[in-house]
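Note that the numbering runs from 1 along the sequence shown for the chain.
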Amino acid sequence: MALPLSGLLVLSLEQAVAAPMCSCRLADAGARVIKVERPEGDFARYYDRLAQGDSAYFVWLNRGKESVCLDLTRGDDKALFAAMLAKADVLVQNLKPGAIAKLGFGLDQIRRQHPRLITCSISGYGEKGPYSARKAYDMLIQAETGLASVTGAADAPARVGVSVCDIAAGMNAYEAILEAVIARGRSGEGATISIAMFDAMADWMTVPLLQQEAGAPPRRIGLAHTSISPYGAFRSRDGIAILISIQNDREWRVLAEKVFGDAALAADPDFATNVERVKRRAETDGRVAKAFSLLDAALLEQKLAAADIAFARVNTPADLSQHPHLRRITVGTPSGPVCYPAPPRHDADARRYGAVPAVGEHTDKVRREFSEAAVDAGNG
């Protein structure tokens, strides 16, 4: 069966996380992705050496791509890049705004030359606006959008422990490109797409922003929830942290009566509604904590599951490594196979998980493939 994006040629002038996230998803779906790296390689290759000697970040986001090293300040490499652009369906790039134009490849100019081409630029703040020239990395955007201010415990803001701004921007770029591919199939016209990490995370911050503007600014309360009680982590008798989420008043009554065996608490009007429980959050949490402390985790989880109460263990990466629900894929890397979590798709037949390329592994092959067109572009 042909993969969904088979036949699509993607040229990705990329580094770090956001653009590689986007192009990785395109490669998984069958697109041919040529990753253009600087001569020394994408700097994300050197973040760590924890995946069989390669960077964990790089191994995660660069499977199934071809690596070509180019120095776009050189005429011959510019000509090769131009020749690849002429045949590409999609250009993804996450250089600093204006940088690709300084190299001689202004996006407006490229689109005029290749009207069917879809260009997608990913940056911290977009191509326009007062912050557009700023350098931006994931943690800086977490801080600037206010995400850090609503993350962590009461004493201090905290970084979300994974690169959520990069990931959000990369996935926004992926969906925008798919929309543009569908639209081009109808109109024959490409598109110019600009994705900002700031916009991606500001969108995610809509609820805290609306709460703030309504006069009820969110507070940092760790694993608790600003609007729901009980919603948080409590320790069992044997010291296991288990998080529960009570979404409505019926669930509260079931928790109290079926799990805690406390019919009086289930009927107590002081705790009957979420509004009252939030008002008495400390006392509500205290009641739950006391009940949890009387049961070992195995029995507590059995009772919660039987009562259809939503719960989860507060796991570590070590726990995730052994999790019974974790699906994995194995990909080849320059240093050997690496096994890691599978992307969130269960129709595996519609995906291809190729190997992670070495720096410039496909440079000679691609030069030969595009050499005649590159000469013509250089002469032009």
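- Side-chain contact between R287 and P230: absent, with no pair of heavy atoms (C-beta onward) separated by less than 4.5 Å.
- Minimum interatomic distance between Y46 and S55 (heavy atoms only, all atoms of both residues): N-CB, 4.3 Å.
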Exercise for review: Report the C-alpha distance between F105 and K78 in whole Å, list the side-chain angles of each, state the deciding distance to 0.1 Å, and finish with yes or no for side-chain contact (heavy atoms from CB on, under 4.5 Å).
Suggested key: CA-CA 9 Å; F105 297 98; K78 282 187 177 184; 4.1 Å; yes
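- Not a single donor-acceptor pair under 3.5 Å links the side chain of D28 to the backbone N or O of R351.
- The neighbour count for M139 CE, taken as heavy atoms of other residues, nucleotides or ligands under 6.0 Å away, does not exceed 12.
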Review point. Given M197 and D166, is the side-chain contact (heavy atoms from CB on, under 4.5 Å) satisfied, shown in steps?
Key: CA-CA 6 Å; M197 292 164 62; D166 282 316; 3.3 Å; yes
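- Between atom CG of residue L265 and atom CZ of residue R253 there is a gap of 12.0 Å, rounded to the nearest 0.5 Å.
- With Q15 as reference, R38 is the one residue of R38, Q93, K35 to meet the side chain to side chain donor-acceptor pair (under 3.5 Å) rule.
- The same ILVMFWY cluster, assembled from side-chain heavy atoms under 4.5 Å apart, contains both L8 and M171.
- Looking at every heavy atom in both residues, A136 comes nearest to G124 through CB-CA, 3.5 Å.
- Taking the side chain as every heavy atom from C-beta outward, V314 and I240 never approach each other to under 4.5 Å.
- Put simply, the side chain of T363 does not reach to within 4.5 Å of the side chain of S67, judged on heavy atoms.
- Pairs passing the ring pair (Phe, Tyr, Trp, His ring centres under 6.0 Å) check and including a residue from residues 271-315, sequence neighbours excluded, read F234-F292.
- Shown here is K365, whose NZ atom has more than 12 heavy atoms of other residues, nucleotides or ligands within 6.0 Å.
- The backbone N or O of A16 lies less than 3.5 Å from a partner atom in the side chain of D42, making a donor-acceptor pair.
- Cluster membership for V331 and Y47, using ILVMFWY side-chain heavy atoms within less than 4.5 angstrom, is shared.
- Within the model, atoms CG of L3 and CG of L5 stand 8.5 Å from one another, a figure rounded to the nearest 0.5 Å.
- Here the closest heavy-atom approach between residue A86 and residue H114 is recorded as CA-CE1, 3.5 Å.
- Counting heavy atoms from C-beta on, the side chains of V160 and Q142 come closer than 4.5 Å.
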Practice item. Kindly determine whether L210 and T206 satisfy side-chain contact (heavy atoms from CB on, under 4.5 Å), including the steps that lead there. Key: CA-CA 6 Å; L210 293 179; T206 296; 3.8 Å; yes
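- Looking at heavy atoms from C-beta onward, L304 lies in side-chain contact with I242 at the 4.5 angstrom threshold.
- Residues V68 and L103 share a single hydrophobic cluster, defined by chaining ILVMFWY side chains whose heavy atoms lie under 4.5 Å apart.
- One finds the CZ atom of R352 at 11.0 Å from the CZ atom of R63 (value rounded to the nearest 0.5 Å).
- Without hydrogens or angle criteria, D319 side chain to T316 main chain gives a donor-acceptor distance under 3.5 Å.
- Residues E66 and P357 have side chains not in contact (no heavy-atom distance under 4.5 Å, counting atoms from C-beta outward).
- Within the 4.5 Å cutoff, the side chain of I329 has heavy atoms near those of the Y340 side chain.
- Each side-chain hydrogen bond (donor to acceptor under 3.5 Å, both in side chains) pair with one or both residues in residues 300-314, not counting sequence neighbours, appears once here: E301-R313.
- Here the side chain of R277 pairs a donor or acceptor atom with the backbone of S229 at under 3.5 angstrom.
- Taking CG from L294 and CG from L299, the interatomic distance works out to 11.0 Å, rounded to the nearest 0.5 Å.
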Exercise for review: In sequence, state the C-alpha distance, the side-chain angles, and the governing distance for Y125 and I141, and then conclude on side-chain contact (heavy atoms from CB on, under 4.5 Å).
Suggested key: CA-CA 9 Å; Y125 295 96; I141 298 295; 3.8 Å; yes
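- Under the salt bridge (charged side-chain N to carboxylate O under 4.0 Å, His left out) criterion, the residue pairs touching residues 135-159 are R134-E144, with sequence neighbours excluded.
- A salt bridge links E369 with R32: the closest approach of a Lys/Arg side-chain nitrogen to an acidic carboxylate oxygen falls below 4.0 angstrom.
- Hydrophobic clustering of Ile, Leu, Val, Met, Phe, Trp and Tyr side chains at less than 4.5 Å, counting indirect connections, unites L26 with Y353.
- Checking side-chain atoms of R111 against main-chain N and O of P115 turns up a donor-acceptor pair under 3.5 Å.
- In this structure, R328 CZ and S321 OG are separated by 4.5 Å, a value rounded to the nearest 0.5 Å.
- Closest non-hydrogen pair, P39 versus L70, comes out as CD-O, 3.5 Å.
- With ring centers used as reference points, Y131 lies 6.0 Å or more from F198.
- The closest donor-acceptor contact from the side chain of D89 to the backbone of L9 lies under 3.5 Å.
- Between R220 and T151 the shortest heavy-atom distance is CD-O, 3.1 Å.
- The residue from L72, N94, I34 that alone fulfils the side-chain contact (heavy atoms from CB on, under 4.5 Å) condition with L13 is L72.
- Ring geometry for H323 against H325 counts as perpendicular: the plane angle is over 60°, on a 0 to 90° scale with 30° as the lower cut.
- Nearest heavy atoms, D270 versus D268: N-OD1, 2.9 Å.
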Exercise for review: Before giving the answer on side chain to side chain donor-acceptor pair (under 3.5 Å), spell out for K65 and S12 the whole-Å C-alpha distance, their side-chain angles and the decisive distance to 0.1 Å.
Suggested key: CA-CA 10 Å; K65 303 177 186 178; S12 195; 5.8 Å; no
Exercise for review: I would like to know whether R367 and D77 meet salt bridge (Lys or Arg N to Asp or Glu O under 4.0 Å); could you show each step before the answer?
Suggested key: CA-CA 9 Å; R367 282 190 188 280; D77 282 358; 2.7 Å; yes
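- The hydrophobic clustering, which links ILVMFWY residues whose side-chain heavy atoms are closer than 4.5 Å, places I122 and L178 together.
- A distance-only check finds no donor-acceptor pair linking the side chain of S194 to the backbone of G126 [under 3.5 Å].
- Sparse packing is recorded around CZ of R219, with 12 or fewer heavy atoms of other residues, nucleotides or ligands lying under 6.0 Å away.
- Looking at heavy atoms from C-beta onward, F81 lies in side-chain contact with L91 at the 4.5 angstrom threshold.
- I228 contributes atom CD1, which lies 6.5 Å from atom CG of N274 (distance to the nearest 0.5 angstrom).
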